[in-house]
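Right, one structure below, let's go through it.
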Amino acid sequence: MPRQIPAALVLCGLLAAAVAAGQTENGPRITKLRVDARGRDVFLGFTLAGALNPELARKIEAGLETAIRYEIRLYRRYPYWFDDFIEKRKYRAAATYDPVTREYVVDETIDGKPLRRTTTRDFAEAARLLLTRENLLAFHVARGQSTRNLYVQMRASFDAGYVFTIIPVDSRTDWKKSKRFNVHGSEK
């Protein structure tokens, strides 16, 4: 009898791991991460898929602020050693519905500083502004920093729901890694 309990625990653990692996493939994830180095500036374009569930959409339409927080990190890749962390940014897109004007307001900030504020009457446009971004100036590689074999890692987190209807639960995507790139700037 005692040998059956550890076998049952191992079987339950394997089943839980399989279910968790299946959820991450179908759950929220960053599907496209594009990096464009222009001079010493690093611009990003990305798409977050699977994050806008019906509960999150209802929260936006109810007028509650709904934010998606993106954590962005810049690294230098070393083939035979640990990668070197260079810099990080926190990008946040938040949508709020104003029932008086019947408009969605999307505020964007980077590292807590205002970046852009957009208003629209279309829910699909507000959702697009929350989940995709093009030409986001994420980093400026200063003189003296590494400029070769760089890559960006990114993940998103947002409120996914509630446990026992009062405890908020965050959902977080896996890290998405970009292709390697080099920064070419004027060396004056």
Side-chain angles (χ1 to χ4, degrees), residues 27-75 85-143 145 147 150-161 168-179 181-186:
R29 66 203 172 285
I30 297 174
T31 57
K32 297 177 186 172
L33 178 58
R34 294 168 306 287
V35 176
D36 184 21
R38 299 180 209 149
R40 291 191 164 271
D41 293 333
V42 178
F43 291 86
L44 298 180
F46 59 86
T47 302
L48 177 64
L52 195 62
N53 57 19
E55 185 173 330
L56 206 60
R58 280 193 303 271
K59 186 177 173 184
I60 294 170
E61 290 174 345
L64 300 173
E65 182 182 63
T66 304
I68 299 179
R69 297 164 303 279
Y70 298 91
E71 188 176 348
I72 309 165
R73 295 180 179 178
L74 179 66
Y75 289 93
F85 170 77
I86 297 174
E87 199 172 355
K88 72 176 177 178
R89 293 276 185 261
K90 292 190 180 196
Y91 170 72
R92 180 179 185 264
T96 308
Y97 179 69
D98 186 358
V100 175
T101 61
R102 296 183 180 178
E103 291 180 331
Y104 297 94
V105 179
V106 179
D107 288 316
E108 298 175 53
T109 61
I110 193 155
D111 290 336
K113 297 175 185 166
L115 186 65
R116 183 169 76 173
R117 182 182 181 104
T118 309
T119 58
T120 181
R121 290 185 178 266
D122 186 22
F123 177 77
E125 178 67 14
R128 186 190 66 76
L129 290 169
L130 273 177
L131 303 175
T132 63
R133 185 67 158 92
E134 292 297 326
N135 293 321
L136 174 66
L137 176 58
F139 300 103
H140 177 79
V141 179
R143 286 180 173 71
Q145 286 184 331
T147 59
L150 301 176
Y151 68 91
V152 172
Q153 276 192 331
M154 181 180 201
R155 74 175 172 190
S157 61
F158 54 93
D159 298 332
V169 178
D170 277 357
S171 180
R172 184 174 286 167
T173 65
D174 291 334
W175 287 100
K176 176 75 171 180
K177 187 175 177 180
S178 74
K179 294 180 180 178
F181 63 94
N182 296 328
V183 171
H184 304 287
S186 59

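- Within the model, atoms CG of Asn182 and OG1 of Thr147 stand 7.0 Å from one another, a figure rounded to the nearest 0.5 Å.
- Within the model, atoms CD1 of Ile68 and CD of Glu108 stand 11.0 Å from one another, a figure rounded to the nearest 0.5 Å.
- From Tyr75, atom OH reaches atom CD of Glu87 across 12.5 Å, with rounding to the nearest 0.5 Å.
- Looking only at side-chain heavy atoms (C-beta outward), Arg172 and Phe158 stay at 4.5 Å or farther from each other.
- Ring geometry, Phe46 versus Tyr91: the interplanar angle exceeds 60°, so the pair is classed perpendicular (tilted spans 30 to 60°).
- In this structure, the side chains of Ile72 and Leu136 come closer than 4.5 Å at one or more pairs of heavy atoms.
- Taking CG from Asp122 and OH from Tyr104, the interatomic distance works out to 8.0 Å, rounded to the nearest 0.5 Å.
- The local environment of CZ in Arg117 is sparse, with at most 12 non-hydrogen atoms from other residues, nucleotides or ligands closer than 6.0 Å.
- Taken to the nearest 0.5 Å, the CG atom of Asn135 stands 9.5 Å off from the CZ atom of Arg34.
- The pair Arg92-Glu65 meets the salt-bridge criterion, with a side-chain N (NZ, NE, NH1 or NH2) lying under 4.0 Å from an Asp/Glu carboxylate O.
- The shortest side-chain heavy-atom distance between Val35 and Leu150 does not fall under the 4.5 Å cut-off.
- In plain terms, the two heavy atoms of Gly63 and Thr96 that are nearest each other are O-CG2, 3.6 Å.
- Of all the heavy atoms in Leu115 and Arg133, the pair that sits closest is CD2-NH2, 3.7 Å.
- Within the 4.5 Å cutoff, the side chain of Phe139 has heavy atoms near those of the Arg89 side chain.
- In plain terms, the two heavy atoms of Lys179 and Tyr151 that are nearest each other are O-CB, 4.1 Å.
- The backbone N or O of Gln153 lies less than 3.5 Å from no partner atom in the side chain of Arg155, so there is not a single donor-acceptor pair.
- Between Lys90 and Arg69 there is no side-chain heavy-atom pair separated by less than 4.5 Å.
- A pairwise comparison of heavy atoms in Thr101 and Arg121 identifies O-NH1, 3.1 Å as the closest pair.
- Of the possible donor and acceptor atoms, one in the side chain of Thr173 sits under 3.5 Å from a partner among the backbone N and O of Ala156.
- Nearest heavy-atom pair across Leu52 and Ala127 is CD2-CB, 3.4 Å.
- When side chains are defined from C-beta on, Leu33 does not count as touching Lys177, because their heavy atoms never get closer than 4.5 Å.
- Residues satisfying the side-chain contact (heavy atoms from CB on, under 4.5 Å) criterion with Ala37, sequence neighbours excluded, are Phe181, Val183.
- With rounding to the nearest 0.5 angstrom, the CG atom of Leu74 is 8.5 Å from the CZ atom of Phe85.
- In this structure the side chain of Ile60 reaches within 4.5 angstrom of the side chain of Leu130, judged on heavy atoms.
- Note on Glu61 versus Arg58: no salt bridge recorded, every NZ/NE/NH1/NH2 to OD/OE distance being 4.0 Å or above.
- Across all their heavy atoms, Lys176 and Thr31 have their closest contact at NZ-O, 3.7 Å.
- In this structure, Asp36 pairs ionically with Arg38, as a charged nitrogen and a carboxylate oxygen lie closer than 4.0 Å.
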